[in-house]
Amino acid sequence: FSDDSTYALGWKFTPSFIWFRYKYNKNNIANIFFGLSDFESAYKYSKVSHDRLTEFNDTIHLPGVKGILAVTLLKLDSITEGKKNAEQALKLSKKYKNPVGLIVSNYSLGEVFIVEEQCDDAIVYFKTSLQLSEQFRQAHFVMLNKVGLLKAYLINKDYENAVEIGEQAL
């Protein structure tokens with residue numbers, strides 16, 4: 001044992017590792033605020049998590065965190081920055097073959113295209129994210145994508161598909 005680390009179950013918990021986990025947990029807090037539609041607080045916590053994960057060159061959590069950051073930016077009307085983060089999230093998710101990152105980044109790009117009023121493109125991204133959400137059993141993203149699809153169908157005045165997806169979301 002040394003003064004700068006703790007051991008548990010064979011893992012060495014250095015101060016920098018503990019600090020990393022603390023900052024990653026900020027993303028969990030961001031998700032709570034996101035669910036409550038408190039996007040300013042969600043942005044604050046997701047940004048802290050994003051910056052720390054970037055500093056650590058994280059390849060596991062960063063793609064998903066970047067996707068959540070993108071959506072919070074969109075909700076706060078930072079469209080250009082939100083789109084940039086969504087595109088980067090997808091790129092990182094593909095690079096690292098990260099399933100949760102792919103789910104979140106496709107969802108966030110769906111949100112980008114809703115904001116840009118390109119609903120046909122939004123539908124493609126929401127459907128991709130939905131398929132992955134079902135494949136990897138991420139129920140909370142299944143619901144988010146169905147809501148995104150419902151929004152896109154309503155904007156497109158595609159009421160038949162809106163009713164169908166709306167009933168599924170219930």
Side-chain angles (χ1 to χ4, degrees), residues 24-43 45-47 49-50 53-54 58-170:
Y24 177 70
N25 286 336
K26 295 287 187 181
N27 189 60
N28 294 335
I29 297 168
N31 286 332
I32 293 168
F33 286 115
F34 186 88
L36 297 171
S37 298
D38 180 353
F39 298 112
E40 287 183 22
S41 296
Y43 169 77
Y45 286 101
S46 63
K47 179 73 169 125
S49 181
H50 170 272
L53 292 169
T54 300
D58 176 82
T59 60
I60 297 170
H61 306 292
L62 183 60
V65 169
K66 195 172 265 296
I68 295 297
L69 179 62
V71 176
T72 61
L73 286 163
L74 292 170
K75 300 294 184 183
L76 296 172
D77 294 323
S78 295
I79 311 306
T80 303
E81 199 64 24
K83 184 175 184 174
K84 181 178 103 177
N85 275 278
E87 290 168 343
Q88 290 172 347
L90 183 59
K91 182 179 177 181
L92 289 172
S93 299
K94 287 179 178 179
K95 178 179 180 179
Y96 299 119
K97 297 175 177 54
N98 184 318
V100 173
L102 287 169
I103 291 167
V104 178
S105 60
N106 276 284
Y107 169 77
S108 66
L109 282 164
E111 290 287 347
V112 166
F113 287 112
I114 287 287
V115 170
E116 292 181 343
E117 297 180 4
Q118 297 176 22
C119 292
D120 291 336
D121 291 330
I123 289 167
V124 170
Y125 284 101
F126 286 136
K127 281 185 174 182
T128 300
S129 183
L130 176 59
Q131 183 270 322
L132 291 167
S133 299
E134 291 171 341
Q135 179 183 344
F136 292 103
R137 298 183 181 171
Q138 299 293 309
H140 51 293
F141 287 112
V142 169
M143 182 60 67
L144 280 174
N145 282 294
K146 287 182 178 182
V147 170
L149 283 167
L150 176 61
K151 193 179 340 178
Y153 289 139
L154 288 171
I155 293 168
N156 275 355
K157 296 183 174 40
D158 182 352
Y159 301 120
E160 185 176 328
N161 279 320
V163 168
E164 182 181 333
I165 201 75
E167 286 176 349
Q168 290 175 22
L170 293 176

> Going by the salt bridge (Lys or Arg N to Asp or Glu O under 4.0 Å) test, which pairs reach into residues 115-142, not counting sequence neighbours?
Replying inline: Lys83-Glu116
>> Quick test of your reading: applying salt bridge (Lys or Arg N to Asp or Glu O under 4.0 Å), list the pairs with at least one residue in residues 157-167, sequence neighbours left out, ordered by first then second residue.
In response: none
> How would you list all residue pairs meeting salt bridge (Lys or Arg N to Asp or Glu O under 4.0 Å) that involve residues 85-114, not counting sequence neighbours?
Replying inline: Lys75-Glu111, Glu111-Lys151
> Among all residues two or more places apart in sequence or in another chain, which pass the side chain to side chain contact (heavy atoms under 4.5 Å, CB included) test with Ile60?
Replying inline: Asp58
> What pair of heavy atoms forms the shortest contact from Thr72 to Ala42, and how long is it?
Replying inline: CG2-CB, 3.6 Å
>> Restricting to non-hydrogen atoms, name the atom on Leu102 and the atom on Leu132 that form the minimum distance, rounded to 0.1 Å.
In response: CB-CD1, 3.8 Å
>> What verdict does the side-chain contact (heavy atoms from CB on, under 4.5 Å) test give for Asn156 and Ile123, after you've listed the backbone C-alpha separation in whole Å, the side-chain angles of each residue and the deciding distance to 0.1 Å?
In response: CA-CA 10 Å; Asn156 275 355; Ile123 289 167; 3.8 Å; yes
> If every non-hydrogen atom of Ala162 is compared with every non-hydrogen atom of Leu150, which pair is closest and at what distance?
Replying inline: O-CD1, 3.2 Å
> What's the spacing between Gln135 CD and Ile103 CD1 if we round to 0.5 Å?
Replying inline: 8.0 Å
>> The criterion is side chain to side chain donor-acceptor pair (under 3.5 Å); which residues satisfy it with Gln138, sequence neighbours excluded?
In response: none
>> Looking at every non-hydrogen atom in both residues, tell me the closest pair between Ser93 and Pro63 and how far apart they are.
In response: OG-CB, 3.2 Å
>> Has Thr128 got a side-chain atom pairing as donor or acceptor with Val124's backbone, closer than 3.5 angstrom?
In response: yes
>> Going by side chain to side chain donor-acceptor pair (under 3.5 Å), name the residues that satisfy it together with Asn98, two or more places apart in sequence or in a different chain.
In response: none
> Please, which pairs that meet salt bridge (Lys or Arg N to Asp or Glu O under 4.0 Å) have at least one residue in residues 140-149, sequence neighbours excluded?
Replying inline: none
> Between Ser105 and Ala86, which heavy-atom pair has the shortest distance, and what is it?
Replying inline: CB-O, 4.2 Å
Show which side-chain atoms of residues 64-71 pair as donor or acceptor with protein atoms under 3.5 Å away, not counting sequence neighbours.
residue	atom	partner	partner atom	Å
Lys66	NZ	His50	NE2	2.8
Lys66	NZ	Asn85	OD1	3.3
Lys66	NZ	Gln88	OE1	2.9

>> Strictly by ring pair (Phe, Tyr, Trp, His ring centres under 6.0 Å), give each pair with a member in residues 112-159 just once, sequence neighbours left out.
In response: Tyr107-Phe126, Phe113-Tyr125
> For Ser129, which residues count as a side chain to side chain donor-acceptor pair (under 3.5 Å) partner, sequence neighbours excluded?
Replying inline: Asn145
> Atom CG in Leu149, atom CG in Leu144: separation rounded to 0.5 Å?
Replying inline: 11.0 Å
>> Just to verify, what does Thr59 make a side chain to side chain contact (heavy atoms under 4.5 Å, CB included) with, not counting sequence neighbours?
In response: Tyr96
